[in-house]
4 protein chains.
Amino acid sequence: MKSVEKHNKILVSATKVFAKKGFFNARISDIAKEAKVADGTIYLYFNNKFDILISVLEEEIGKIIEQIQKAIKKETDPHKMLTIFVHKHLAAMKQNKNLAEVIHIELRQSDKLVKEYRNKTFKQYIDLISEIIRLGQEQHIYRKEIMPGIAKRAFFGALDEVSRVWTETSTSSYSLEETTEQVLSLFLFGMIERRD
Amino acid sequence: MKSVEKHNKILVSATKVFAKKGFFNARISDIAKEAKVADGTIYLYFNNKFDILISVLEEEIGKIIEQIQKAIKKETDPHKMLTIFVHKHLAAMKQNKNLAEVIHIELRQSDKLVKEYRNKTFKQYIDLISEIIRLGQEQHIYRKEIMPGIAKRAFFGALDEVSRVWTETSTSSYSLEETTEQVLSLFLFGMIERRD
Amino acid sequence: MKSVEKHNKILVSATKVFAKKGFFNARISDIAKEAKVADGTIYLYFNNKFDILISVLEEEIGKIIEQIQKAIKKETDPHKMLTIFVHKHLAAMKQNKNLAEVIHIELRQSDKLVKEYRNKTFKQYIDLISEIIRLGQEQHIYRKEIMPGIAKRAFFGALDEVSRVWTETSTSSYSLEETTEQVLSLFLFGMIERRD
Amino acid sequence: MKSVEKHNKILVSATKVFAKKGFFNARISDIAKEAKVADGTIYLYFNNKFDILISVLEEEIGKIIEQIQKAIKKETDPHKMLTIFVHKHLAAMKQNKNLAEVIHIELRQSDKLVKEYRNKTFKQYIDLISEIIRLGQEQHIYRKEIMPGIAKRAFFGALDEVSRVWTETSTSSYSLEETTEQVLSLFLFGMIERRD
DNA sequence: GATGAATGAGCGTTCATTCAT
DNA sequence: GATGAATGAACGCTCATTCAT
């Protein structure tokens, strides 16, 4: 097995273990067993336990973030951009449940390094939303009263919490399509019934 | 000092320490020092470290949840109910930042007992939102296409993430009033600009 | 309740608790609860936990030892003296099972103070046996080859182990009389069948 | 060092420490230091502190018990069997003083697991005595009035207490041979002087 | 004298990390 | 590079003892 493959195998195993037990309850030996390597081998690829978590965040989550960012930057229509954002995000969360769990749980950690990651890479991701909103406001599609700095948080929080439904329940629950449609509809039109 | 007061002092200290370091990095001795009691004293009031976290969730958060639930149940107008919910929730989060941090971080834990709490008390809290939405739908105020089960999550997720702004930054940032107004406006009217 | 009575009540309670859990597993609060006093009260009557054990040994066991010593010193016939020793010892062990348990278990402790007690008071008790044997040898009743220093230990060890039967089993098992008779017969006549 | 050797080294060290301080006063770090390993290493070979004691009982004592049992089963003459039993037991106690101390002290513990060991393996050992006595009675060598169930206890108690003399005193005291001879003579012929 | 809440030293145990093989 | 036995720092928790009431 090539070095890169082993690095990745450990990362995927760590994601699985972190998802199941949480970072602090996960043991290096759990990850090693899951990856079918010796405990010591892990330290050939990562500096320490925390480095593994950071790597999961940076590499695993990073890949998804990058994908979504790319897909959006091809578009110019704010509506379509938002649609892509919502759909891709929820799809990724539904597909890779272990990673979703890690995002839900570990991204909140009070740890300095985790906060750092959230403030750098993850902030860029969320800021995509505010950029889209601003774009929409410039094109007079979105209401100018909306404050993008607050709206981006509301939007991401909604997506995050909504996607949790798939990691919580093993039963089918909501489909990806209806969830995407609901969230978009909610943020675009609001809840109020119009009679015009 | 009366027993109840000391119980409470430890709880407040624990909330502060958990907020700063997170549950797993918090030491019993940290909490003891913060509460100005001996390590052993803590065990006169709580069974173990985890029991303290659960108590923070159940007692401290519980109080706030109860308050909000009460305030809402006096109202009958869905709009006013939502307004109260948003305002009270954000006000509580802004006022008690330590507790807010604990909610943001620890409520996500993969631990069984924490999940249990989230599934019991906390679910009731979130379900308040779906009830209000259903009420609004019956009164033809809210669009019938909205699925309350998804909307409640989006709504709570938005509130939760939005309120994080106050624990993250020490600078003034957004005011309570404008944040409340923004979130309400977003969920009620959506982002799309109407020209009617 | 007079001071002396409380002192005694604690001692009896301690004997019971030590018998049940052993010295190290016994907690001061166990003894306090058994004696129906507050934890702190115990320290008005004893210096520390170990002092209680020593007091049990010295006072409770001491009383019995004294009784037996007195009864024997009234006699002059070695046979009768041995008979009294065996009977009284076994009777005491069967009667006060908690105390018997403490003798069985705690008298062995490697602790310095316990060893000291065993070397002082308890040695005197066991030395009663060697004195009786020597007396018998002088009167040409007991074989002169018997070494009293070894025989006294064999004798006491036998009594101690034999009496354990009553603390081990809740069922009736052997009676006091047959046990006394057996031990005496064994040490006096040995096991070999004589055909004379 | 092979795994088995280290396991054994810890066991021997533990026996020494238990002998000196007693189980409850012995610290894991004492045993580790004695065995020249790190504290944590002990837990690679034993589950917990108590497991070490149980292992000392089962493995160390077990070896001796087995040896003696084997040696006896080769014999058919009750007298010779008893002689072997006494000699081997006392020899083992005199040779391995640490183990002797542990037998003297820890085998009495009120702990459930210790009692269990005493009731299983150790009982078998003591029952060897009653079997020999019964055998002697069938061959009309030993008096039929002797109750083997009581005599076995008296016999073992005598041996146990007699062997204590070597762990108590550092001075030479009694030799192995004279002690063996005395105990045998005592139990076979009793103390009474015969004039026939 | 009596209480029992408070104390804090002390220890068993865990587990991330190292390093000889 | 890979292993996994060994390490030892770190911490939750207990409980004998104290002392203000």
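These values consider heavy atoms only, across backbone and side chains, with no hydrogens, waters or symmetry-generated copies. Just so it is clear: chains get the letters A, B, ... in the order the sequence lines come, proteins before strands, and each one is counted from 1.
- Listed pair A:Lys6 / F:dG1 fails the phosphate criterion, with no side-chain N or O lying under 4.0 Å from OP1 or OP2.
- Taking 4.0 angstrom as the limit, D:Arg27 places none of its side-chain polar atoms (N or O) nearer than this to OP1 or OP2 of E:dG10.
- Here F:dG12 presents its P atom at 15 Å from CZ of B:Phe46, a figure rounded to the nearest Å.
- The distance from the CG atom of D:Asn96 to the CD1 atom of D:Ile103 is 8.5 Å, given to the nearest 0.5 Å.
- Between B:Asn25 atom CG and E:dA16 atom C1' the separation is 14 Å, expressed in whole Å.
- When the P atom of E:dG1 is taken as reference, atom NZ of C:Lys9 falls 17 Å away, rounded to whole Å.
- The shortest distance between side-chain heavy atoms of B:Asn98 and B:Val12 does not fall below 4.5 Å.
- The stretch residues 111-121 of chain D participates, sequence neighbours left out, in no salt bridge (charged side-chain N to carboxylate O under 4.0 Å, His left out) pair at all.
- The residue among C:Ala26 and A:Leu44 whose nearest nucleotide of DNA chain F is located toward the 5' end is A:Leu44.
- Judged as a side-chain hydrogen bond (donor to acceptor under 3.5 Å, both in side chains), and not counting sequence neighbours, the contacts of C:Tyr125 are C:His89.
- With sequence neighbours left out, the ring pair (Phe, Tyr, Trp, His ring centres under 6.0 Å) criterion links A:Phe23 to A:Phe18, A:Phe50.
- Taking side-chain N and O atoms only, B:Tyr45 has a distance below 4.0 Å to OP1 or OP2 of E:dA6.
- Distance C:Phe24 CZ to F:dA16 C1': 13 Å, rounded to the nearest Å.
- Note: CD (C:Glu5) to P (E:dA2) measures 12 Å, nearest angstrom.
- As a whole-Å value, the separation of B:Ile42 CD1 from E:dT7 C1' is 12 Å.
- Residues satisfying the ring pair (Phe, Tyr, Trp, His ring centres under 6.0 Å) test with D:Tyr117, not counting sequence neighbours, are none.
- With sequence neighbours excluded, no residue satisfies side-chain contact (heavy atoms from CB on, under 4.5 Å) with B:Glu66.
- Scanning for side-chain contact (heavy atoms from CB on, under 4.5 Å) contacts around B:Lys20 gives an empty result, with sequence neighbours left out.
- Under the rule for a side-chain contact (heavy atoms from CB on, under 4.5 Å), the partners of B:Ser110 that lie at least two apart in sequence or sit in another chain are A:Ile105.
- Helical stems of DNA chain E (runs of at least 3 Watson-Crick or G-U pairs, donor-acceptor distances under 3.5 Å) are listed by first residue: E:2-21 with F:2-21.
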For residues 24-39 of chain C, please give each side-chain donor-acceptor pair under 3.5 Å, one per line with the distance, not counting sequence neighbours.
{"unit_1": "C:Asp30", "atom_1": "OD2", "unit_2": "C:Lys21", "atom_2": "NZ", "d": "3.1"}
{"unit_1": "C:Asp30", "atom_1": "OD2", "unit_2": "C:Arg27", "atom_2": "N", "d": "3.0"}
{"unit_1": "C:Glu34", "atom_1": "OE2", "unit_2": "C:Lys16", "atom_2": "NZ", "d": "3.2"}

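- Judged as a salt bridge (charged side-chain N to carboxylate O under 4.0 Å, His left out), the pairs with a partner in residues 100-110 of chain B (not counting sequence neighbours) are, in order, A:Glu161-B:Arg108, B:Arg108-B:Asp160.
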Atom pairs under 3.5 Å, N or O on each side, protein against nucleotides 17-21 of chain F: can you list them with distances?
{"unit_1": "F:dT17", "atom_1": "OP2", "unit_2": "C:Tyr43", "atom_2": "OH", "d": "2.8"}
{"unit_1": "F:dT17", "atom_1": "OP2", "unit_2": "C:Lys49", "atom_2": "N", "d": "2.8"}

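- The stretch residues 29-38 of chain B does not touch DNA chain F, since none of its heavy atoms comes less than 4.0 Å from the strand.
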